[in-house]
Amino acid sequence: MDIKGGNLMELYEYTVHELIEKLENGEVTSEEITRSYFDRIKEIDPKVKAYVTTLEDDAIAKAKKVDEDRKSGKAVSKFAGIPIGIKDNMCITGTKTTCSSKMLENFVAPYNATVIEKLNEQDLIYLGKLNMDEFAMGGSTEHSAFFNTYNPWDLDRVPGGSSGGSAAAVSAEIAPWTLGSDTGGSIRQPASLCGVVGLKPTYGLVSRFGLVAFASSLDQIGPLTKDVTDSAMLLNLIAGHDEKDSTSMNIDKKDYTKSLVNDVKGMRIGLPKEYLGEGINSEVKQAILDVAKKYEEMGAIVEDCSLDIGKYATAVYYIIACAEASSNLGRFDGIRYGYRSENFENLKDIYKNSRSEGFGSEVKRRIILGTYVLSSGYYDAYYKKAQKVRTAIRAEYDKLFSKYDLLLTPTSPTTAFKIGEKSNNPLEMYLSDICTVPVNIGGLPGMSIPCSLDSNGMPIGFQLIAKPFNEDAIFRAAYTYEQNTNFRENKPSFKGGNN
């Protein structure tokens with residue numbers, strides 16, 4: 001326990017940059033930080049259920065080793081001994097990687113994802129693997145094969161998805177920061193619903209090697225953090241070219257913390273009218289307009305604009321994503337690895353029964369949709385047309401970014417909804433991605449930043465979007481907003497909950 005601003009604080013309450021400062025000053029040890037988190041996990045995670053797997057023994061052992069290295073004067077990274085949580089679709093050698101699916105329930109990864117290799121170089125400590133919608137398909141973390149994750153602000157509500165475990169863990173302070181993956185909003189939407197910062201980097205900035213594929217042209221790994229500074233630091237650690245990923249971009253390395261400047265004077269911000277129309281909750285809309293006004297007060301130039309073709313993005317996304325999922329998940333056949341049905345008489349039975357028993361309903365739905373749009377009679381009518389519209393959407397974004405530094409939109413059309421509220425209506429669930437999927441379609445960077453609470457006390461997030469590889473502008477604007485507002489003073493109440 002520590003004192004900050006006259007208040008007693010536990011170690012798990014600090015941001016990562018504050019913990020690093022304490023480690024450097026010798027005020028705390030990595031073991032103390034790590035034990036603080038596991039004590040917190042034991043107390044809080046039975047309510048939130050963010051973790052699929054915890055790695056306490058390995059984490060404590062590594063923390064002790066880092067402390068010994070520091071004490072002996074050995075050169076160590078400033079991040080050495082900082083804990084982190086990992087979404088359970090990224091491979092860590094010798095650790096279960098389940099994708100929250102029965103299909104991979106007992107799969108132990110034989111290699112590390114590239115992002116894990118990068119974190120290993122800095123001696124970060126893994127608290128565990130975090131729950132998600134099965135194979136990252138969903139927007140509520142109700143589609144995990146194991147259990148639901150609950151929103152720390154109201155345990156009767158969803159945390160969002162598919163990175164619901166990653167967002168809930170940061171919000172509940174059972175991880176200081178986490179990695180998630182974003183295919184159509186799966187970092188940003190749960191970040192918004194849980195009141196944390198979530199960044200989807202530019203496609204190709206962070207290696208996807210070792211991330212279990214859902215939709216390969218859309219998937220991107222990114223950070224979920226307590227504040228914008230931590231987000232910039234974690235992106236520094238995981239970004240970079242990787243020869244193992246053919247879609248990885250070889251660009252000059254940046255230090256994103258240099259963009260953490262409290263100044264938006266002269267920045268041009270577009271406010272697309274289509275994102276504030278039908279389907280957007282009135283309290284969310286007002287919160288976004290308040291954010292726009294705040295940016296104007298801080299010296300930015302905010303103008304209304306239009307992204308008319310964006311209304312097709314959700315349809316385009318579900319055609320392309322389902323088609324790629326159908327292809328990617330074909331490898332789970334009951335033969336090579338993963339779940340194999342015990343009920344078979346021939347090879348065809350193994351395929352059919354293993355997939356029928358191993359995949360959940362949402363995954364099956366998307367595989368069927370994807371197989372349909374790729375079939376010979378419908379390829380041109382659906383998949384090929386969707387790719388053409390995707391190109392047109394990218395062109396519209398290019399036009400907007402010739403005029404604006406950033407676009408400002410809601411992250412989610414609503415705040416967190418009740419558990420089970422949309423489970424029986426897949427279309428309504430899909431429309432909860434309406435504000436985020438265009439960013440993936442365009443391969444753009446986007447960040448959700450918490451800005452307000454609705455009348456039920458649930459977080460509202462706003463989204464900043466930039467042109468490819470211009471995360472710098474997002475960090476600058478997000479940091480400035482954060483420094484001039486006080487949302488981080490709000491804490492989850494863990495109210496409700498019949499789980």
Side-chain angles (χ1 to χ4, degrees), residues 139 160 182-193 197-200 218 267-296 300-318 389-390 392-417 427-452 454 458-468 470 473-474 477-478 481:
D182 192 311
T183 306
S186 289
I187 288 173
R188 290 159 290 148
Q189 184 250 20
S192 177
L193 270 51
V197 175
L199 172 69
K200 181 253 169 211
L218 301 164
M267 288 190 84
R268 302 187 68 87
I269 300 175
L271 191 65
K273 62 183 181 181
E274 289 80 9
Y275 287 81
L276 296 172
E278 186 180 351
I280 305 298
N281 173 278
S282 60
E283 290 184 272
V284 171
K285 179 179 178 179
Q286 186 57 53
I288 302 309
L289 293 175
D290 290 345
V291 170
K293 184 178 179 182
K294 183 69 177 176
Y295 273 118
E296 286 183 321
I301 301 162
V302 181
E303 296 178 350
D304 292 334
C305 63
S306 177
L307 186 66
D308 185 43
I309 201 168
K311 63 189 175 186
Y312 302 112
T314 303
V316 168
Y317 169 80
Y318 278 100
V389 178
R390 181 183 197 172
I393 291 171
R394 284 174 170 169
E396 285 301 306
Y397 271 122
D398 288 344
K399 286 182 185 176
L400 285 175
F401 287 123
S402 67
K403 186 174 183 181
Y404 301 109
D405 300 301
L406 294 166
L407 300 180
L408 167 63
T409 76
T411 306
S412 171
T414 67
T415 52
F417 46 89
L427 185 58
E428 190 177 352
M429 184 78 81
Y430 294 169
L431 289 174
S432 66
D433 292 335
I434 194 168
C435 299
T436 53
V437 294
V439 174
N440 300 77
I441 292 293
L444 308 171
M447 177 185 280
S448 179
I449 304 99
C451 63
S452 186
D454 72 2
M458 299 305 294
I460 298 172
F462 71 95
Q463 180 176 220
L464 293 175
I465 307 167
K467 66 182 180 181
N470 195 20
I474 292 176
Y481 180 86

Parallel, tilted or perpendicular, as decided by the 30° and 60° cut-offs, for the rings of Tyr481 and Tyr295: tilted
Validation: residues 445-452 side-chain donor-acceptor distances under 3.5 Å, sequence neighbours left out:
from, atom 1, to, atom 2, distance (Å)
Ser448, OG, Thr411, OG1, 3.0

Strictly distance-based, threshold 3.5 Å: is any side-chain N or O of [X] a donor or acceptor partner for the main-chain N or O of [Y]?
X      : Y      : value
Asn281 : Pro413 : no
Asn440 : Asp182 : yes
Thr436 : Asp433 : yes

Minimum heavy-atom distance [X]-[Y], with the two atoms named:
X      : Y      : answer
Leu464 : Ala478 : CD1-N, 3.9 Å
Leu408 : Phe462 : CD1-CD1, 3.4 Å
Leu276 : Leu289 : CD1-CD2, 4.0 Å
Leu406 : Met267 : CD1-CE, 3.7 Å
Tyr404 : Glu303 : OH-OE1, 3.0 Å

Under 3.5 Å side-chain donor-acceptor pair for Gln463 and Thr409: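 Judged by distance alone, the side chains do pair up.
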Side-chain touch Tyr397/Leu307, heavy atoms, less than 4.5 angstrom: yes
Lys293 with Glu296: basic N within carboxylate O range, under 4.0 Å: no
